[in-house]
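Heads up, the thing below is written out as structure tokens.
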Amino acid sequence: MKGVRSIVFGCLLATTGAIWAATLDPATQTAFVNKLTAPPVIDARGGGHFVIPIISYSANLGVKSPTLGSPMSTPMYCYDGVFPGPTILAKKGVQATFEFPNMLVDGNNNPIPHMFGVDRTLHWANPLNQPNTTGGYTGPIPTTVHLHGGKLSPESDGHPDSWYTPNYAITGGEFASPIYVYPNNQQAATLFYHDHSLGMTRLNVYAGMAGFYLIQDSTSEKLIMNGSLPGPDFDLPLHIQDREFNDDGTLQWPSTGVNPNPTWNPQFFGRFMLVNGKVWPYHKVQPRTYRVRLLNACDSRFLNLKFSNNMSFTLIASDQGFLPAPKTVNSVLLAPGERAEVLVDFAKLKSGAVTLTNDAKAPYPNGTSPNAAVEGRIMRFQLAREEDLPKDTFIPGKFEGIPRQTLSTTLPVRKIVLGQKTDVFGRAEHFLGTATAGYLRWQDPVTELPQLNSTEIWEIYNNSNIGHPIHLHLVAFQLLSRQTYTATVYNSTGIMTNVVLTGTPSSSGPTETGWKDTIYAPPRQVTRIIAKYDILGNYVFHCHMLSHEDHDMMRPFTVVP
Ligand code: C2O
Ligand code: CU
Ligand code: CU
């Protein structure tokens with residue numbers, strides 16, 4: 001990352017050749033002057049069919065020209081032409097179907113090339129079947145949509161090889177149908193949908209392809225009715241992402257390389273923090289309790305969120321829904337892909353404002369601390385004057401939580417390993433694999449084949465020096481424990497033997513007592529999860545640092561009869 005920030009290969013004007021633009025200095029921007037906005041809502045709670053095209057669009061992210069001070073626009077690729085994509089509301093048990101036509105075409109209906117440098121040396125979608133060599137890609141952009149946390153059939157899951165180009169002209173091997181069927185047979189939760197194209201996810205999500213998907217059920221409705229949860233007027237979903245910009249307001253994605261060029265990089269950390277598509281926004285709040293839904297949609301950056309006045313708040317839900325019990329905390333750690341729901345009582349603000357901050361090191365947990373005056377701040381909440389506000393009718397009840405279900409199994413555990421090597425170009429590359437087979441690539445044969453309706457424990461051994469958020473498609477899982485260990489790990493292969501557990505198994509963190517779909521696997525620890533595999537077919541599990549996922553830190557798993 002270092003050294004590529006000052007000059008970047010811009011592919012934005014790819015039709016007219018490369019441009020060189022300087023990096024936008026965060027110091028040229030004033031924080032907390034952009035009003036927080038909410039994405040438009042698509043209400044699918046009554047079922048139906050919805051068409052959400054993927055469009056090339058110029059967004060106003062609240063970034064100002066460093067010389068003129070005027071607003072700049074930022075070309076993006078977004079769902080329905082908004083960033084973040086529309087917030088989809090769904091209801092448990094009510095099926096809805098979706099189409100996400102890829103409209104990344106020019107005025108003559110010809111596919112446009114990607115705005116960022118596409119590294120063709122990765123194992124990637126490769127629509128034109130070109131050799132995997134250096135040199136950028138200017139062909140049509142592949143897209144596929146994954147509902148993160150959704151319990152879906154394989155055909156609707158947005159498998160990395162289910163990509164399609166504009167007009168469905170070229171499709172990947174797992175493409176089944178343009179129609180995505182979302183049965184919504186799962187409890188109330190804060191999910192999100194985002195692109196999942198093989199070896200392109202980091203680029204497509206960075207370009208704007210992500211949005212909220214909120215499922216409600218009779219429990220969540222009852223909690224609102226009885227005053228345990230604030231209603232829709234005080235339900236605040238916050239989509240948090242980091243970005244870098246060029247001086248002209250275009251998004252900057254570092255991809256300048258020597259061999260290959262453009263190149264993939266092991267990670268990305270932007271200094272501009274965006275919430276719901278605005279840089280360092282502010283939001284006026286009433287002196288009352290809000291339900292705040294937090295999503296870490298960054299590529300590689302972990303977020304440890306707290307308020308500048310250190311006020312406490314109450315955790316009520318994680319990835320897959322409500323926790324067994326509410327928990328009062330002063331901070332919440334979210335790895336990329338994780339969500340949390342919290343109750344924040346802004347009546348605690350005696351006056352003025354409070355800033356939502358992040359102090360998670362990058363990479364997590366042993367990297368560099370964020371600059372508190374730049375990427376260490378996220379947004380500001382300002383107390384509004386009562387007379388400017390709608391009447392508050394909230395009568396606080398007590399949020400009780402949903403009891404934790406007990407899962408158990410007698411099946412042997414699976415030992416998954418994570419580790420780091422360098423790839424053929426000398427770049428640090430992270431892998432998934434198994435203790436007995438060592439590091440495996442995406443295209444290696446499937447090693448994880450759970451039987452339909454079986455419950456399995458997976459042990460994730462992290463032999464690398466950084467933390468990785470591991471996400472499994474299909475299942476909601478529970479964290480059992482984490483523990484330190486020693487082992488013999490063969491560096492060249494990743495094969496791991498002589499595992500000796502050392503520390504005491506640690507219990508779950510405050511966000512980890514409920515159902516999860518993405519879990520932080522700390523370095524040099526084993527993270528144990530348990531889940532039931534209850535739909536047949538091909539799914540994937542991967543690191544949710546998108547840059548890792550795009551370069552082989554992803555593996556298939558297949559649920560078999
Ligand atoms: Cu949110 Cu497979 O990803
Ligand atoms: Cu997912
Ligand atoms: Cu990773």
Side-chain angles (χ1 to χ4, degrees), residues 84-85 144-152 154 156-163 174 180 182 186 189-202 204-206 209-213 239 241 264-269 295-302 319-320 334-339 362-365 367 416-421 427-433 439 442 460-477 515-523 527 531 535 538-557:
T144 185
V145 182
H146 171 59
L147 174 57
H148 181 126
K151 180 174 275 306
L152 307 174
S156 292
D157 193 45
H159 186 282
D161 262 325
S162 67
W163 51 266
E174 295 278 337
Y180 290 80
Y182 295 168
Q186 56 192 103
T190 300
L191 311 185
F192 71 122
Y193 62 105
H194 62 77
D195 188 81
H196 216 305
S197 304
L198 188 62
M200 296 278 289
T201 297
R202 72 195 184 291
N204 286 350
V205 171
Y206 194 76
M209 295 179 212
F212 273 114
Y213 188 98
H239 180 124
Q241 282 185 317
W264 165 92
N265 286 295
Q267 59 211 11
F268 171 84
F269 301 111
L295 160 65
N296 181 348
C298 298
D299 182 286
S300 309
R301 185 184 287 286
F302 283 57
D319 302 339
Q320 287 280 319
L334 292 179
E338 285 189 305
R339 291 87 67 208
Y364 194 78
I416 308 290
V417 297
L418 315 184
Q420 186 191 322
K421 276 205 305 186
R427 304 173 294 194
E429 181 183 5
H430 287 95
F431 286 90
L432 283 165
Y439 303 137
W442 162 249
I460 303 159
Y461 290 85
N462 184 351
N463 290 320
S464 82
N465 288 325
I466 66 167
H468 302 267
I470 301 302
H471 169 51
L472 277 70
H473 287 211
L474 174 66
V475 296
F477 57 77
W515 293 103
K516 295 282 293 168
D517 56 46
T518 308
I519 194 81
Y520 168 47
T527 301
I535 302 181
N538 295 335
Y539 294 95
V540 301
F541 67 107
H542 57 89
C543 177
H544 217 282
M545 291 168 79
L546 303 180
S547 290
H548 290 181
E549 158 183 359
D550 273 353
H551 193 8
D552 279 304
M553 204 172 188
M554 176 161 69
R555 288 283 297 153
F557 74 86

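Counting convention: from 1, in listed order, for ligands and their atoms alike.
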key: Atom of His146 nearest the Cu ion (ligand 2) (restricted to N/O/S, atom name only)   = NE2

query = Given NE2 of His544 on one side and ND1 of His148 on the other, what angle do they make at atom 1 (Cu) of ligand 1, to 10°?
reply = 100°

inquiry  = Any N/O/S atom from His196 (main chain or side chain) under 2.8 Å of atom 1 (Cu) of ligand 1?
reply    = no

note = min-distance N/O/S atom, His194 vs atom 1 (Cu) of ligand 1, resolves to NE2

remark   = Here the N/O/S atom of His468 closest to the Cu ion (ligand 3) would be ND1

message = Any N/O/S atom, side chain or main chain, of His471 closer to atom 1 (Cu) of ligand 1 than 2.8 Å?
response = no

query = Shortest non-hydrogen contact from Ser547 to Pro266?
reply = CB-O, 3.9 Å

query = Just by modelled atom types, is the Gly337 backbone N or O under 3.5 Å from a matching donor or acceptor in the Asn296 side chain?
reply = no

key: the Cu ion (ligand 2) to nearest N/O/S of His196 less than 2.8 Å   = no

query = Looking at the Cu ion (ligand 3), which N/O/S atom of His548 is the nearest one?
reply = ND1

inquiry  = Please check this pair: side chain of Lys151 against backbone of Leu474, looking for a donor-acceptor N/O pair closer than 3.5 Å.
reply    = yes

message = Can a donor-acceptor pair be found, under 3.5 Å and without considering hydrogens, that links the side chain of Asp195 to the backbone of Thr144?
response = yes

Backbone N/O of Thr518 and side chain of His544: donor-acceptor pair under 3.5 Å = no

ask   = For atom 1 (Cu) of ligand 1, does an N/O/S atom of His146 lie at less than 2.8 Å?
value = no

query = Looking at side-chain heavy atoms only, is the closest gap between His468 and Met545 below 4.5 Å?
reply = yes

message = Give me the atom names and distance for the closest heavy-atom approach of His473 to Phe557.
response = O-CZ, 3.4 Å

message = So, 2.8 Å as the limit: is an N/O/S atom of His430 located closer than that to the Cu ion (ligand 3)?
response = no

